[in-house]
*Asks:* 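Sharing a structure with you now.
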Amino acid sequence: MDTGRVAEGVMKLGVLGTGHVGQTIATALVEKGHEVRLGSRTGDHPDAQAWAEKLGTRASQGTFADAAEFGAIVFHCTPGMYALDVLRPCREALHGKVLVDTSNPLDKSQDFPPTSLFLANTDSVAEQIQRELPEVRVVKALNTVAAPLMVDASRVPDTVVFVAGNDAEAKANVVSLLHKAFGWPRASVLDLGDVTSSRALEMLVMMWIRLYGALGTELFNYRLVRAT
Ligand SMILES: NC(=O)c1ccc[n+]([C@@H]2O[C@H](COP(=O)([O-])OP(=O)(O)OC[C@H]3O[C@@H](n4cnc5c(N)ncnc54)[C@H](OP(=O)(O)O)[C@@H]3O)[C@@H](O)[C@H]2O)c1
């Protein structure tokens, strides 16, 4: 089985989610020369079909499980509230693979924009996924930046993104992919430790929403400065 080791050259990647994040990540990966399958609930989502048609032969689409099966590394890009519903049917397909979890725990039962989290503080979506699917190597990443910046670090130079997860090799593979495919300098990717660090990363979404309101744009990121 391919366990998601990042080799030089073309990779097969799965992207679960047909929204802004899923399509942005999937498009960027295809444009980098990778083969990508975009997953939806039904396997015939009109947006996914249009995306695959537009992107050409390296792009395909199917159900969430199809995309999970296809990818050596798989991105989870659906709302955190639905993560387990999306991922449970992918259990076998994801066995032993790296799952990059980009989700946030926004409470989707409220009006838009959501102003609260459905879980926080002592738990996180990434931990829920890791508990439910212990054989999957979950890496929390990219949930603290807007989709267009996830895939193009050059727009926010000298800023930081984070990874968290229990598997060091999985995190190294994700850092490598973020670097090669999306331009994140390795030094700009801060490893916060095990999957429980996802609590802090996911709670940052509350700050992100307020910054979005104050700045009037999603195109910003955090810069860390050490005191001299
Ligand atoms: N938007 C951003 O810039 C941004 C930035 C950082 C992190 N995030 C996080 O990244 C994730 C994806 O964001 P997004 O804006 O792309 O999300 P989105 O558009 O809300 O997600 C769409 C995906 O969610 C699936 N979905 C919707 N309702 C569902 C349900 N009840 N059960 C199962 N699946 C369901 C859809 O399935 P179908 O394809 O079948 O319709 C679709 O694939 C979220 O957790 C978000 O908080 C977003």
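Side-chain atoms are counted along with the backbone in the values below, which use heavy atoms only and exclude waters and symmetry mates. Each ligand, and each atom within it, is numbered from 1 in the order the structure gives.
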*Asks:* Could you pull out every protein residue that has a heavy atom closer than 4.0 Å to ligand 1, ordered by chain and then number?
*Replies:* G17, T18, G19, H20, V21, S40, R41, H45, F64, C77, T78, P79, G80, Y82, V86, T102, S103, N104, N143, V145, A146, A147, M150
*Asks:* Do K140 and D194 sit within salt-bridge range, that is, some charged N less than 4.0 Å from a carboxylate O?
*Replies:* no
*Asks:* List for me each residue that meets salt bridge (charged side-chain N to carboxylate O under 4.0 Å, His left out) alongside D85, sequence neighbours excluded, and say none if there are none.
*Replies:* R88
*Asks:* Do you see a donor-acceptor pair shorter than 3.5 Å between the side chains of S176 and N173?
*Replies:* no
*Asks:* Going by an N to O cut-off under 4.0 Å, is there a salt bridge joining E135 and K97?
*Replies:* no
*Asks:* With a 4.0 Å cut-off, would you call R37 and E69 a salt bridge?
*Replies:* no
*Asks:* Checking side-chain contact (heavy atoms from CB on, under 4.5 Å) between L177 and each of V100, V139, I73, which is the one that passes?
*Replies:* I73
